[in-house]
Amino acid sequence: MARILITSALPYINGIKHLGNLVGSQLPADLFARYMRGRGNEVLFLCATDEHGTPAELAAAKAGKPVAEYCAELHEVQADIARRFGLSFDHFGRSSSPQNHRLTQHFAGVLAENGLIREVSEKQVYSRADGRFLPDRYIEGTCPNCGYDKARGDQCENCTKQLDPTDLIDPRSAISGSTDLEVRETKHLYLRQSALRDDLDKWIDTKTDWPILTTSIARKWLHDGDGLQDRGITRDLDWGIPVRKGDQDWPGMEGKVFYVWFDAPIEYIACAAEWAEATGNDWERWWRTDKGAGDVRYVQFMGKDNVPFHTLSFPTTLLGSGEPWKMVDHLKSFNYLNYDGGQFSTSQGRGVFMDQALDILPADYWRWWLLSHAPESSDSEFTWENFQQSVNKDLADVLGNFVSRITKFCRSKFGETVPDGGAYGAQEETLLSELTRRIRAYEGHMDAMEVRKSAQELRAIWVAGNEYLQSAAPWSTIKEDPDRAAMQVRLGLNLIRLYAVLSAPFIPAASAAMLGAMNTQDTGWPDDVADALSTLPAGHAFTVPDVLFAKITDEQREDWENRFSGVRS
RNA sequence: GGGCCUGUAGCUCAAUUGGUUAGAGCAGAGCGCUCAUAACGCUUUGGUUGGGGGUUCGAGUCCCUCCGGGCCUACCA
């Protein structure tokens, strides 16, 4: 039994995530976690809300709440939605936890001891009206290049020219609109990533099986221009982890907090500590190679925008500490999911958000479509028509109808009990060998985290059931050879259980419904397909389940299409 | 501006990393079946692999060029 540590990129706290966020990290991570558990491995699947930074403070201010209260509320909202989506985290933590405070300060302390932190004095724009320093992109003004009057301090969206905030003509705060700005001197800590450049480079070179997307982004940052640059890891904010050197004060850094991208990945570890504290488990055997984590396989899931921080900054933190922390073994990254010809947009409310998705359909519909269309090789696109067609065909017609036809046929001919009699013939042997071949292929794709291919193979496994029924035709054989029909039906009912087990990572609720109808809790993985198909013996009682997947009608599709095209109300 | 990714059938995607005649699913067409959510099965029509040039015995795959889409570019996260 292997031990698998799985983390999903941390969803940011300032609101409910859209389906594009979901499919890029949490959902495929959940797929993998459920699969690995199903195969009998020991899995620790962690996720948390990422709660620090300017956007959290501003969102709280907008909501008229203290930021700590706002974050606590939004954490619960996200935790609830995650639960309803079937995301099977072993722990859903918070980057603002005491554990993360301690650990983040610890890392900063040892990095400083190891000479990997330097202090930099720099000039930043301060807004007196807002009472805060402004990140570059929170400063607006007129572009000196093209005259666009809503250019941001980092870049002009109109002419794409990169800017410094001081380049802007008539600069103003993007938060309040105030022009009462000044440039102030402030001191910050920088993580000396450049010192570990060669180590990181060699480390990335060993990762030959990572997605090209992952390694190419890492290499770009390592080699571009002067190579990997040091990175500021502190900010002048109120909300965050106070800058301390371990448990000591950090002279000159009073009132400052760590940068959210420094503390967020550390929460992967702190989250395990939160989990351990809540459950009485030991977290170090998952994270410390000197305390039992040597045999752990660690897999991270994230959207492509997160890659530099996970391939460079966080590894710098871990390597630079000189302590025996578990490093990531596989980093699965995803492109973006677009919505009907454009991007999902949180600010414009464009697209479907997780809560809305669950309001209109059960999680399994979304899980199946999103995973079977995961943006692995390039950005992919959500359209309502494609969603309706895929879901109706795959879930309702192929899988749902299979369950329906075999259970109803059995009920009408043999009653709601697995029928006795008959023995396998050539058709059954053919089915067994096809299923064996396909299940092994499915395992291979799942092991490799090839999400789309896994979904394709699973669907083919469902189709095999319909093909079998068509060729076996129990509705005909029952007339001449009732024993043979009984065997065929018994096999069909066992296929339902098999499908429930294989499909659970994709569609856990439907899987549970299938197991419930088959009146079994045997979720044993089909290492041997013939054995797996004799799990439900003759005489075993079952029930005919409700329709597993109702079809999406044209009226529904049109309604939703209109409802989600505009601004979220 | 620079870097990276990407363009394959009407749609969504494959193609064992340069190797036979580019494959699946959906949609379309035809046939079969009648247990089933008008479901299922079988057969079948669709491709100048964005355009052009090159390397090679051989190119969807490598090189050059042009066109289109996307991402990143270090103080949003």
Side-chain angles (χ1 to χ4, degrees), chain A residues 9-14 50 52-56 58 122 124-125 133-139 152-155 160-162 164-165 174 188 193 211-213 215-217 219-221 223-225 228-232 235-236 259-261 264 303-309 312-313 335-336 338 343 346 369 372-373 375-381 383 385-386 389-390 392-413 452-453 455-456 459-460 463 465-476 478 485 488-489 492 544 546-551:
Chain A
L10 307 186
Y12 197 66
I13 193 70
N14 68 340
D50 176 16
H52 299 131
T54 307
L58 296 179
E122 56 193 11
Q124 277 199 333
V125 174
F133 282 94
L134 296 178
D136 289 358
R137 69 173 51 199
Y138 283 97
I139 302 158
R152 294 186 318 203
D154 57 340
Q155 186 173 38
T160 73
K161 187 179 170 60
Q162 287 186 53
D164 274 326
H188 282 295
Q193 301 184 134
I212 293 171
L213 184 64
T215 50
S216 66
I217 291 173
R219 289 210 172 87
K220 153 78 172 160
W221 282 58
H223 301 296
D224 191 42
L228 185 62
Q229 300 298 298
D230 297 341
R231 191 164 192 122
R235 294 288 184 273
D236 289 295
Y259 173 43
V260 53
W261 263 119
K304 56 186 166 183
D305 51 333
N306 276 242
V307 168
F309 303 99
L312 305 168
S313 307
N335 287 281
Y336 290 144
N338 290 321
Q343 292 192 345
T346 303
W369 190 89
S372 61
H373 293 78
E376 287 178 300
S377 54
S378 64
D379 291 355
S380 67
E381 171 143 325
T383 64
E385 196 182 350
N386 186 306
Q389 283 180 356
S390 297
N392 285 355
K393 189 72 191 173
D394 299 349
L395 297 181
D397 294 345
V398 175
L399 177 62
N401 181 54
F402 174 79
V403 172
S404 187
R405 66 193 295 203
I406 189 69
T407 52
K408 285 181 179 172
F409 181 77
C410 185
R411 181 173 62 186
S412 74
K413 304 298 179 190
R452 279 178 186 246
K453 287 181 182 172
Q456 263 180 33
R459 185 189 190 281
V463 167
N466 282 314
E467 287 171 350
Y468 170 72
L469 285 187
Q470 185 66 31
S471 66
W475 50 89
S476 299
I478 194 156
Q488 292 167 337
V489 168
V544 175
D546 294 335
V547 166
L548 278 181
F549 296 99
K551 292 202 198 193

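Naming: A, B, ... by sequence-line order, numbering from 1 per chain. When reading the values below, keep in mind they use all heavy atoms of this one structure, side chains included, and skip hydrogens, waters and symmetry mates.
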Show me the protein contacts with nucleotides 4-10 of chain B, counting only N or O atoms at under 3.5 Å.
{"residue": "B:C4", "atom": "O2'", "partner": "A:Ser216", "partner atom": "OG", "Å": "3.4"}

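- With a glycosidic angle further than 90° from 0, B:G41 counts as anti.
- A gap of 31 Å separates the C1' atoms of B:G41 and B:U20, to the nearest Å.
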Problem - Dot-bracket line, read 5' to 3' along RNA chain B, where crossing pairs take [ ] and | marks a partner on another strand, Watson-Crick or G-U under 3.5 Å - result: (((((((..((((.....[...)))).(((((.......))))).....(((((..]....))))))))))))....
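- In terms of the side chain to side chain donor-acceptor pair (under 3.5 Å) criterion, A:Lys408 has no residue partners (sequence neighbours excluded).
- Scanning for ring-ring contact (aromatic ring centres under 6.0 Å, His included) contacts around A:Tyr12 gives an empty result, with sequence neighbours left out.
- Under the rule for a side chain to side chain donor-acceptor pair (under 3.5 Å), A:Lys413 has no partner lying at least two apart in sequence or in another chain.
- Partners of A:Asp397 by side chain to side chain donor-acceptor pair (under 3.5 Å), not counting sequence neighbours, listed by chain and number: A:Lys551.
- Among residues two or more places apart in sequence or in another chain, the side-chain contact (heavy atoms from CB on, under 4.5 Å) test is passed with A:Glu467 by A:Glu434, A:Val463, A:Ala464.
- For the side-chain contact (heavy atoms from CB on, under 4.5 Å) test, residues two or more places apart in sequence or in another chain that qualify with A:Arg152 are A:Arg137, A:Asp154, A:Glu157.
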Problem - Base versus backbone protein contacts along nucleotides 33-39 of chain B [heavy-atom cut-off under 4.0 Å; B, S, -] - result: SSBBB-S
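- With sequence neighbours left out, the ring-ring contact (aromatic ring centres under 6.0 Å, His included) criterion links A:Phe309 to A:Trp261.
- Base orientation at B:U17 is syn, since its O4'-C1' glycosidic dihedral falls within 90° of 0.
- To the nearest whole angstrom, the two P atoms, one in B:C72 and one in B:G54, are 38 Å apart.
- Partners of A:Phe549 under the ring-ring contact (aromatic ring centres under 6.0 Å, His included) rule, at least two apart in sequence or in another chain, are A:Tyr365.
- Not counting sequence neighbours, the partners of A:His373 by the ring-ring contact (aromatic ring centres under 6.0 Å, His included) test are A:Trp369.
- Here the P atom of nucleotide B:C76 and the CG atom of A:Leu58 are 13 Å apart, to the nearest Å.
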